[in-house]
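Since the structure comes first, as structure tokens, the remarks are kept for the end.
Side chains included, hydrogens not; waters and symmetry mates left out as well; all remaining heavy atoms used.
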Amino acid sequence: MNIFNQTHNVITQINKSLAADGLIPEGGDLSKMVVELPRDLSHGDLSTNVAMVTSKQAAMKPRDLAQLYADRLASESFIDAVEIAGPGFININLADGVWQNQLVAIQEAGTDYGKSAIGAGQNVNVEFVSANPTGPLHAAHARGAIFGDSLAHLLEFAGFDVTREYYINDAGTQVDVLARSSYLRYLEAFGETIEIPAGFYPGDYLKDVGQALKEAFGDSLKAQSEEAYLPVVRDFAIEQIMAGIKADLVRLGVSMDIYSSERALTTSGKVDEALGHLKGQNLVYRGVLEPPKGQLPDDWEEREQLLFKATEFGDDVDRPLQKSDGTWTYFASDIAYHYDKWQRTNGVMIDVWGADHGGYVKRMKAAVQATSGQNNQLDVKLCQLVSLLDNGQPVKMSKRAGTFVTLSDVMDAVGADVMRFIMLTRRNDQTLEFDYAKVTEKSRENPVFYVQYAHARARSVFRQDEAIHEFADADLSLLRDDLEVRLIKQLVSWPSLIEAAAKMHEPHRIAFYLMDLAAAFHGLWNGGRDNPDLKFIQNDKADVTKARMYLVNCVSTVISSGLKLLSINAAEEM
RNA sequence: GCGCUCGUAGCUCAGCUGGAUAGAGCACUAGACUACGAAUCUAGGGGUCGGGAGUUCGAAUCUUCCCGAGCGCGCCA
């Protein structure tokens, strides 16, 4: 029970007692009430908007209502003073030592501090990466991988039961192209000169696949017709490439719980099942779509096709399910995939996509709503582009020529820790600049370093003296400097941050929190340079030293807890 | 033409799902190393939150219309 929850509960009780005394109506809705740290220190230790969000239901002026709450809050033992301010805020000053005692919870919980029960064991499925099995992961995939994995850790920390999933698009024409491209490289492995036609995958990485094919099959595939070799080469190539992808993910610290296959889905009849479900609701029909407004595609011709009534669920147009050759569209199998996934999950699904798939969100949500019969079962998080720079200069890459910067290249250059942290230093829907030179710099400008350094600094104090490791019985009321109290408030906000970030599906908040916490700690540290009385170790005051070491230990605990959520190691020394 | 994601200090970005006088870093100016790690810190200037209108006690946040950027737009995944 932290001070925010405690105060929240007290206010809820007061609401009930006011209602019981007939001063306000029964059954007030407090869902919008918050207890928070005010930005401005002159607004007290805690602030609540309870009077403003309930004034309408109570049919009272906010300030009058606030007065009712304030009178009863003032009699709480942990509260020193209560003040009504502005349009009806209630500002609370806590009794001496209340903030300081919050540290005990950190000390007792260790890196579990901040764990929340809001998830209540509910299932959540986070699907991310899901890169096509036609080539190695490149740098842009890293953002989705790290975002998704950190979100999964965050949700677990907040009490959800999380499944990490990778959807392999191993059906459709592109994997056939992969097979043909690999076959050429196979012939090349026998010394034949090859020419790679347009539309094939030109990347050098397929040379390895060609070589592996040669080793596995000898020359037995050479004489075969395309019809005969295609399925064999296709499965082989997919397996090879997926092995590489998995290895990259391991290096990045990402481990999936499930790899699910599009091909398996189609062959097992899941598509028919899902579409049957839609047909049963009269949501599938044969019809003709209007051509898109504006520029008409060159090869446009009017055509009757099988359509899903996505417009009934807020999409702009109905969406096709079948290609003209009778096979399913990608959308059809994706409906089946989400239908299957939803049945397995029995809870909320989160998809992490690249921003270029943004146009697909409405139809997928429509499909999930139609198949599940529920709203809000799918949240799609879009990750914007990453531009790779080296000292301000763009790193050149060309997808057409098959040369791109692979995830593995970037990790060779900067390491997994840097990669993971930097990818969360922007909100997911904001483009991100990733500069090799900057992210490896050892300075304030490099946030990974800055946070790691704060942790290492905190640990370094403990290396000064064996005796200061005994601080469990410290008198925390001795932490009374403004810089110390400010730092304590920040530490104590950690659980609320976790809950907010988990609710919003926003793991980047962890990174920003850690940067702020590091700044507060560096600030206190240097406070001790300006004023020696603030130094952690006071040789003539064992009790003060003890209290401060308790605080320093809490700082390193919360930093390492946050870094742990991002799968980053908290260094003892740098 | 339509849809999605955005637009916050000179630059790069936060802003706790509607709260009080919008915050950091970089850059600029002026300071702090006989010191638990100066790889750090302190202070200062810098804003019509792209623009207009609306919703209400209260808007960077919600609605709507413009302006601008990126992405997407019937059988590719």
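Heavy atoms of A/E36 sit nowhere under 4.0 angstrom from any nucleic acid atom. If you check every strand for non-hydrogen atoms under 4.0 Å, A/Y450 touches sugar and phosphate atoms only. Contacts of A/K362 with the nucleic acid, taken as non-hydrogen atoms under 4.0 Å apart, involve only primed sugar atoms and P, OP1 or OP2. When heavy atoms are screened at a 4.0 angstrom cut-off, A/F512 is found touching the sugar-phosphate backbone but no base atom. Among the atoms of the strands shown, base atoms are found under 4.0 Å from some heavy atom of A/A85. Heavy atoms of A/H508 sit under 4.0 angstrom from primed sugar atoms or phosphate atoms, though from no base atom. When heavy atoms are screened at a 4.0 angstrom cut-off, A/E262 is found touching the sugar-phosphate backbone but no base atom. Using a 4.0 Å heavy-atom criterion, one finds that A/D170 contacts no nucleic acid atom at all. Using a 4.0 Å heavy-atom criterion, one finds that A/N49 contacts the bases of the nucleic acid, with or without backbone contacts as well. Among the atoms of the strands shown, base atoms are found under 4.0 Å from some heavy atom of A/H43. If you check every strand for non-hydrogen atoms under 4.0 Å, A/M515 touches nothing. Contact annotation for A/S443: backbone-only contact, meaning every heavy-atom pair under 4.0 Å involves sugar-phosphate atoms and none involves a base. Nucleic acid contact for A/E302: base, since at least one base atom lies under 4.0 Å from a heavy atom of the residue. Within 4.0 Å (heavy atoms only), A/P87 reaches at least one base atom of the nucleic acid.
Closest-nucleotide positions on RNA chain B for A/A500 and A/E304 were compared, and the one nearer the 5' end corresponds to A/A500. In terms of position along RNA chain B, the nucleotide closest to A/T431 lies nearer the 5' end than the nucleotide closest to the other residue of the pair A/L524 and A/T431.
OP1 or OP2 of B/C16 has not a single side-chain nitrogen or oxygen of A/S493 nearer than 4.0 Å. Distances shorter than 4.0 Å separate none of the side-chain N or O atoms of A/Q452 from OP1 or OP2 on B/A39. OP1 and OP2 of B/C75 both lie 4.0 Å or more from every side-chain N or O belonging to A/S324. At the phosphate of B/A14, OP1 or OP2 sits under 4.0 Å from a side-chain N or O atom of A/Q430.
A stacked arrangement is assigned to A/F449 and the six-membered base ring of B/A39, with a centre-to-centre distance below 5.5 Å and an interplanar angle below 30°.
Rounded to an integer number of Å, the gap from A/E441 CD to B/C26 C1' is 11 Å. Spacing between atom CE of A/M33 and atom C1' of B/C16 amounts to 16 Å, rounded to whole angstrom units. Put simply, CZ on A/R303 is 9 Å from P on B/C75, counting in whole angstrom units. Going from atom CE of A/M423 over to atom C1' of B/U12 covers 16 Å, rounded to whole Å. Separating the CZ atom of A/F536 from the C1' atom of B/C41 is a distance of 13 Å, rounded to the nearest angstrom. What separates CZ of A/F331 from P of B/C76 is a distance of 13 Å, to the nearest Å. Taking atom CZ of A/R286 as the reference point, atom P of B/C75 lies 15 Å away to the nearest angstrom.
For B/U61 and B/U17, the C1' atoms lie 9 Å apart once the distance is rounded to whole Å. Taking atom P in both B/C2 and B/U21, the straight-line distance is 39 Å, to the nearest Å. When the P atom is compared between B/A22 and B/G45, the two are found 14 Å apart, to the nearest whole Å. With both ends at atom P, the span from B/G50 to B/C41 equals 30 Å, rounded to whole Å. Taking atom C1' on both B/A24 and B/C67, the two are 29 Å apart, rounded to the nearest angstrom. B/A14 and B/C73 are spaced 33 Å apart, taking the C1' atom of each and rounding to whole Å. Taking atom C1' on both nucleotides, B/C71 is separated from B/U8 by 22 Å, rounded to a whole Å. Here, B/A43 and B/C57 have their P atoms 39 Å apart, quoted to the whole Å.
Using Watson-Crick or G-U wobble geometry with both donor-acceptor distances under 3.5 Å, B/G68 finds its partner in B/C6. Base pairing of B/C16 is not made with any nucleotide, judged by Watson-Crick or G-U wobble geometry with both donor-acceptor distances under 3.5 Å. Taking a pair to require two hydrogen-bonding distances under 3.5 Å in either a Watson-Crick or a G-U wobble arrangement, B/C73 pairs with B/G1. The partner of B/C62 is B/G54, judged by Watson-Crick or G-U wobble contacts that both fall below 3.5 Å. In this structure, B/C36 forms no base pair with any nucleotide, since neither Watson-Crick nor G-U wobble geometry is met with both distances under 3.5 Å. The partner of B/G25 is B/C11, judged by Watson-Crick or G-U wobble contacts that both fall below 3.5 Å. As the counterpart of B/A30, B/U42 is assigned, both hydrogen-bonding distances of the Watson-Crick or G-U wobble pattern falling under 3.5 Å.
Of the listed nucleotides (B/C76, B/U56, B/G19), B/C76 has the atom at the smallest distance from the side chain of A/K323. Distances were taken from every side-chain heavy atom of A/R427 (C-beta onward) to each of B/G7, B/U12, B/G37; the shortest belongs to B/G7. Distance from the side chain of A/V461 is smallest for B/C36 among the nucleotides B/C36, B/C26, B/G72. Considering only the side chain of A/P320, B/G74 comes nearest among B/U21, B/G74, B/C36. Across B/U40, B/C36, B/G3, the shortest atom-to-atom separation from the side chain of A/D316 is found for B/G3. The side chain of A/L382 sits closest to B/U5 out of B/G37, B/U5, B/C75. Among the nucleotides B/A14, B/G74, B/A77, the one closest to the side chain of A/R426 is B/A14.
In terms of polar N and O atoms assigned as donor or acceptor, the side chain of A/N531 never comes within less than 3.5 Å of the base of B/A32 in a complementary pairing. Side-chain N/O atoms of A/S47 and base N/O atoms of B/A20 include a donor-acceptor pair closer than 3.5 Å. The base of B/U42 lies outside donor-acceptor range of the side chain of A/D530, with no N or O pair under 3.5 Å.
Side-chain N/O atoms of A/N553 and A/R459 include a donor and acceptor closer than 3.5 Å.
Counting heavy-atom neighbours within 6.0 Å of A/D482 CG, excluding the residue itself, gives a total of 12 or less. Atom CZ of A/R486 has 12 or fewer neighbouring heavy atoms from other residues, nucleotides or ligands inside a 6.0 Å radius. Within 6.0 Å of CD in A/Q57 there are more than 12 heavy atoms belonging to other residues, nucleotides or ligands. Counting heavy-atom neighbours within 6.0 Å of A/E304 CD, excluding the residue itself, gives a total above 12.
Under the 6.0 Å cut-off for aromatic ring centres, A/Y453 and A/H522 qualify, their centroids lying closer than that. Checked against the 6.0 Å centroid criterion, the rings of A/H8 and A/F4 do not qualify as a close aromatic pair.
Taking 4.5 Å as the limit, some side-chain heavy atom of A/K381 sits within range of a side-chain heavy atom of A/F147.
Checking each of A/Y337, A/Y259, A/W353 against A/Y167 for a ring-ring contact (aromatic ring centres under 6.0 Å, His included) leaves exactly one that passes, namely A/Y337.
Within the cation-pi definition used here (under 6.0 Å to the ring centroid, within 45° of the axis), A/R444 qualifies as a partner of A/Y450.
Its glycosidic angle being more than 90° from 0, B/C11 falls on the anti side.
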